[in-house]
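For reference, the structure is listed below as structure tokens.
Quick caveat: nothing in here was measured; it's all calculated off a predicted structure.
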Amino acid sequence: MNIQKSPDKLTARDYATDQEVRWCPGCGDYAILKAVQRTLAELQADPDQTVFVSGIGCAARFPYYMETYGFHTIHGRSPAIATGVKLANPDLNVWVVGGDGDMLSIGGNHTMHALRRNVDLNILLFNNEIYGLTKGQYSPTSQTGTRSPSTPYGSVDLPVSAAQFALGAGGKFIARSADILQKHLPVVLKRAYENHGTSFVEIMQNCIVYNDAVFSHFTEKSVAADMQVHVEHGKPLIFGSDLDKGLRLKKDALELEIVTIGKNGVSETDILNHDEKNRPLAMLLASMIPPEFPIALGVLYSDPSPTYDKAVHDQVESVKTKNGPGNFNKLLRRGHTWEV
Amino acid sequence: MSEVSALERPEEKRDEVESAVVRFAGDSGDGMQLTGTQFTLTAALAGNDLATFPDFPAEIRAPAGTTFGVSAFQINFGARRIMTSGDSLDVLVVMNPAALITNLSDVKPGGIVIADSGAFTSRNLTKAGYESNPLETGEGLEKYRLIQIDMSRLTVESVKEFGLSNKEALRSKNMWALGLVYWMYGRPRKASVDWLNAKFSKQPEIAAANIAALNAGHAFGETAEMPAEIGGYSIPAAEIEPGLYRTVTGTESVALGLLAGTQLANVGLTFCSYPITPASALLHQLAAMKEFGVVTFQAEDEIAAVCAALGASYGGSLGITSSSGPGIALKMEAIGLAIATELPLVIVNSQRAGPSTGMPTKTEQSDLYQAVFGRNADAPMPVISVSSSTDGFDVAIEAVRLATKFMTPVMLLTDGYLANASEPWRIPDISEYDSFKTNFTTDPKNFEPFSRHPETLSRPWVKPGTPELAHRIGGIERSDGSGHISYSPENHQKMTDLRAQKIDNIANYIPEQEIEQGEANDDLVVVGWGSTFGPISRAVSNLRIEGLGVAQIHLRYIWPLPKNLEELLSNFGKILVPEMNNGQLVTLLRSQFLLPAKGFNKVNGKPFLIKELEEAIRSELDK
Ligand SMILES: Cc1ncc(C[n+]2csc(CCOP(=O)(O)OP(=O)(O)O)c2C)c(N)n1
Ligand code: SF4
Ligand SMILES: [Mg+2]
């Protein structure tokens, strides 16, 4: 069969700019860039209606490499700037890209408020558990004990979990994937795109220079099947190289436990089904930390609700309808006036 | 008081005066701001020119009777052009001892002090710090004409028939005082009666009680109950340009000007702010203008506010943000990004006394350095300032014009005094203003995001969503033309120069500086900016009447400075720059023009007095 490719059909390459990509060779950011370009091609997203907004960091260089509208801004402020873009022009598809320092340290406040307002943004947080651009200081997601130029004896503070933070801030769409999961990541990105409201996607990203292999205990081929559970709405939370492990609620405790199907009388029907709309479940999944538990990847939570930008414009429209369109000369004469 | 009319004083006994300054002062809970606003409205309706100065405590609910809980409202009204809210008081009305102790020193020698003796209880006297009752001892009051009236008791009596509790009845005390002062100046009560009926339309008995108190206060004046030596005054209407008038505060005029500007520019208005005194009122004003399509956003902090405004400008609407000094400090990094990416943005700074929290409800003009110089790197932007409550309208329109025409952030400086002070305003007709329609770039042919208009040097403004114009901008230095990331040393030099040239070039698109009063070669010129316009104008005109060779120049454009300013200034013998800061414009002028300008500075949270300025000018001239 001779399939004629439509001339208008955009390929992943059409979403790439002619600019030289400047990440270190082997950086996980390359794989994420590829996945995003492939996803937009799959969606046939209109590049002219698409905007990438970013803060500062290695991750935040992202917009320069996307053949769409792009705004590389200042450290930590991309959610606030993107909110303004949506207020001015709610029809645009706005993506926000940044690192763990950008979005959870200096910009944590803006990330929180974008999430609770449910601004229609797709936030991609590239979590490499390190400050890449400033040459490797530990970050708010670094594990305790991380040795870095600023913590030569190991960091002593506790890290924040991005997904738990986002849930706590009232996020309505929380998902997780990893740079090397080239099949999984586009599926998650597509879901993020389709969700209206703040879609928060944490992407585990390997910084080969300053924090190499920090995720290998769950991304290495040899352990991936046992250390990752890919959650899907309505499907049982099963994982393991033999697909014989599952998650279920502990009796008499609000806790998950790992059970083996076929052992101690456990059958597949005992395994918990994933329910995207169940916030407490999402919180339990988000808090699973390898190696005690597998890491939960996929859409942990999705419960769409009205977006802030739409509500703002709806209110403007309803006032216009109620009061009639504004008449400026009338406004000037509102209240007490007198003739001289 | 039905027999009152028999004792009415004949109207002709009123002394005609040219102008008067009245201040109502009382506890925060005494309704002094409402009283002052009503008096203002009535003075305006009587055809007087006027200026007001509301002065409220920093504390929201200060304990009753304390000195820091005193709230005051001052009005200067007259038959001539009124330039300030007045140096000193002809009449001070005090509702309690705290108001007396904090305001007495502002009364003219021989001025009238009207005190509610009913509120001079030993408890209130102690709270105010009096050891004995000054109304009884007369201590400290020797220079003034004291009228003590038990307004509290008379108010309660006047509203008896409405069956209110004592506490409720006393709430009408301010209306009783207003009625008395209305009588003193021969003012009709109708406007206030109408206002009370409208305000309390759902509680008619409260409206009736307030009106009864207002009438009782007025009747008290009409009867022979007032001391004989205090008669009524009359203040004829001022000569005012004919037209339709309203009163306007600096906040209102700026809000209206911002909306007018975006309409003239034909762009949307996205206003993003975070509450701070005295800037919040601008957010409140604009939030109530939604029928014009105005979008307002109360952000999580000042950084988010300026960032959202900048994002809105990037998105193709005009982003505007507003704050006071501490909040402006937080916005500076993002303003730098606006300068680098050459996007329009308007930043309104309602200056207040600082640094840090300083005195949030008191005025100052000490953010000029911050506005002109307060960013990292070479980051110039236009700075313009508001000089009166009505001026805000035109200045705000100008801010929008400069931002959109030159693709730059613009800082608009106003201050806490102007934000709250009101003036009569001849309502403009918006159709008489020239439009400056924004041309968004839509043509993909030869498009480059950092190409420049040959005359204005501004770059194209593109709305994301425009077909075939997708491009990237950002904070990393941009290649001249293409806007691509560039670390080239030559390019950075060139772009830095271009950014500076673009702003300098604005001097060719703003009016030349005019001399407000006086001759081009007078012995001394007083150069001001911002809210000092009123007192400087009056001081200079007073001294010119005396024959002194004093001129006045008042700047709207702080950066870039008008291109003829250097030449203008160099023709005067001396240059005196009064400022409510420690000498900021004066430093700017000296550094730009190498002229021996001298400062005259004060930072006590209060506007200049006319007489302070007169003295400073005299001493500069050795006269
Ligand atoms: C206001 C400000 N403070 C600090 C910096 C320096 N800075 C740039 S990127 C960065 C951290 C980057 O870490 P992250 O956001 O995790 O991004 P990554 O480089 O790891 O992708 C810092 C501290 C800056 N550019 N601006
Ligand atoms: S420093 Fe790390 S995160 Fe940054 S580009 Fe290099 S590998 Fe990637
Ligand atoms: Mg990082």
Side-chain angles (χ1 to χ4, degrees), chain A residues 17 19 22 47-54 56 61 63-64 66-89 91-92 109-110 112-113 312-313 315-316 318-320 322-329 331-340, chain B residues 41 44-45 47 191 240-247 256 259-260 263 268 270 272 289-295 297 299-301 303-304 307-317 319 333-334 337 341 427-431 463-476 484-485:
Chain A
T17 56
Q19 296 294 293
R22 297 197 186 204
D48 294 327
Q49 291 292 336
T50 305
V51 184
F52 277 82
V53 180
S54 68
I56 296 291
R61 292 294 174 90
Y64 289 115
M66 291 298 301
E67 188 56 61
T68 61
Y69 283 92
F71 195 3
H72 178 229
T73 69
I74 46 178
H75 199 24
R77 317 301 171 196
S78 56
I81 293 191
T83 298
V85 175
K86 283 298 275 191
L87 287 174
N89 195 339
D91 296 334
L92 296 169
N109 192 30
H110 309 307
M112 167 168 80
H113 289 282
V312 166
H313 286 274
Q315 188 176 62
V316 167
S318 79
V319 175
K320 275 186 187 167
K322 194 171 146 243
N323 298 358
N327 174 328
F328 193 76
N329 275 333
L331 175 68
L332 288 176
R333 286 156 182 77
R334 197 184 274 173
H336 252 281
T337 61
W338 67 96
E339 196 77 48
V340 173
Chain B
L41 177 67
L45 290 173
I240 295 175
E241 198 184 341
L244 187 67
Y245 281 78
R246 59 172 283 185
T247 59
L256 291 165
L259 178 56
Q263 296 209 331
T270 308
C272 310
M289 296 184 186
K290 295 228 152 54
E291 64 268 38
F292 293 89
V294 171
V295 170
F297 173 55
E300 56 271 26
D301 60 24
I303 300 175
C307 285
L310 185 60
S313 288
Y314 172 76
S317 171
E333 188 195 10
L337 178 66
T341 52
I427 302 173
D429 183 347
I430 192 65
S431 61
K463 277 187 189 177
T466 308
E468 294 178 65
L469 286 186
H471 65 280
R472 275 66 51 197
I473 63 171
I476 301 180
H484 292 323
I485 293 182

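For A:M66, the part sitting under 4.5 Å from any heavy atom of chain B is the backbone (N, CA, C, O) and nothing else. Of the two parts of A:D91, neither the backbone nor the side chain holds a non-hydrogen atom closer than 4.5 Å to a non-hydrogen atom of chain B. The contact between A:N323 and chain B is made entirely by side chain atoms (from C-beta outward), counting heavy-atom distances below 4.5 Å. Using a 4.5 Å cut-off between heavy atoms, B:Q263 touches chain A through its side chain atoms alone. Contact annotation for A:R333: both backbone and side-chain heavy atoms come within less than 4.5 Å of a heavy atom of chain B. Only the side chain of A:L92 comes within less than 4.5 Å of a heavy atom in chain B; its backbone stays farther off. Both the backbone and the side chain of A:E339 come within less than 4.5 Å of a heavy atom of chain B. Within the 4.5 angstrom heavy-atom criterion, only backbone atoms of A:T68 (N, CA, C, O) approach chain B. Within the 4.5 angstrom heavy-atom criterion, no atom of A:S54 approaches chain B.
B:D301 has its side chain out of reach of A:H113: every pair of non-hydrogen atoms, C-beta onward, lies at least 4.5 Å apart. No side-chain heavy atom of A:T73 sits under 4.5 Å from any side-chain heavy atom of B:Y314. Annotation: side chain of A:I81 is in contact with side chain of B:L337 (closest heavy-atom distance under 4.5 Å).
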Take B:E291 and A:N327 through the test side-chain contact (heavy atoms from CB on, under 4.5 Å) and record every step on the way to the result. CA-CA 9 Å; B:E291 64 268 38; A:N327 174 328; over 6 Å; no
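Of all non-hydrogen atoms in A:V85 and B:G311, the two that sit nearest each other are CG2-O, 3.3 Å. Scanning all heavy atoms of the two residues, the minimum distance from A:V316 to B:G293 falls at CG1-CA, 3.7 Å. When all heavy atoms of B:A260 and A:F328 are compared, the closest pair comes out as CB-CZ, 3.5 Å. Between A:A88 and B:A312, the shortest heavy-atom distance links the atoms CB-O, 3.4 Å. The shortest non-hydrogen separation linking A:L331 to B:L259 is CD2-CD2, 3.7 Å. Smallest separation of non-hydrogen atoms from B:K290 and A:Q315: CE-OE1, 3.8 Å.
Looking only at heavy-atom pairs under 4.5 Å with chain B, the residue among A:H313, A:H110, A:K320 that has the most is A:H110. Contacts with chain A were tallied for B:V294, B:L310, B:L45; B:L45 has the most, counting heavy-atom pairs under 4.5 Å. For chain A, the option among B:G268, B:A304, B:S317, B:C272 with the highest count of heavy-atom pairs below 4.5 Å is B:A304. Ranked by heavy-atom pairs under 4.5 Å with chain B, the list A:R77, A:H75, A:K322, A:K86 is led by A:R77. Interface summary for chain B: among A:N109, A:T50, A:V319, A:I74, the most heavy-atom pairs under 4.5 angstrom belong to A:I74. For chain B, the option among A:D48, A:I56, A:V53, A:V51 with the highest count of heavy-atom pairs below 4.5 Å is A:D48. With chain B as partner, the option from A:V312, A:N89, A:V340, A:L87 having the largest number of non-hydrogen pairs under 4.5 angstrom is A:V340. Note on B:T247, B:L41, B:T270, B:I240: by heavy-atom pairs under 4.5 Å with chain A, the leading option is B:L41. Most heavy-atom pairs under 4.5 Å with chain B: of the set A:S78, A:G76, A:A80, A:A82, this distinction falls to A:A80. Counting heavy-atom pairs closer than 4.5 Å to chain A, the top residue among B:P242, B:A44, B:G316 is B:A44.
Between B:S431 atom OG and A:N329 atom CG the span is 6.0 Å, to the nearest 0.5 Å. A:H72 contributes atom NE2, which lies 12.0 Å from atom OG1 of B:T341 (distance to the nearest 0.5 angstrom). B:L244 contributes atom CG, which lies 4.5 Å from atom OG1 of A:T337 (distance to the nearest 0.5 angstrom). Between atom CD1 of residue B:I485 and atom CZ of residue A:R22 there is a gap of 6.0 Å, rounded to the nearest 0.5 Å. Rounded to the nearest 0.5 Å, atoms NE2 (B:H471) and OH (A:Y69) are 6.5 Å apart. In this structure, OG1 in A:T83 is found 7.0 Å from CD in B:E300, a value given to the nearest 0.5 Å.
The aromatic rings of B:Y245 and A:W338 lie parallel to each other, their planes meeting at an angle below 30°, with 60° marking the opposite boundary.
Heavy atoms of other residues, nucleotides or ligands lying less than 6.0 angstrom from CD of B:E468 number 12 at most.
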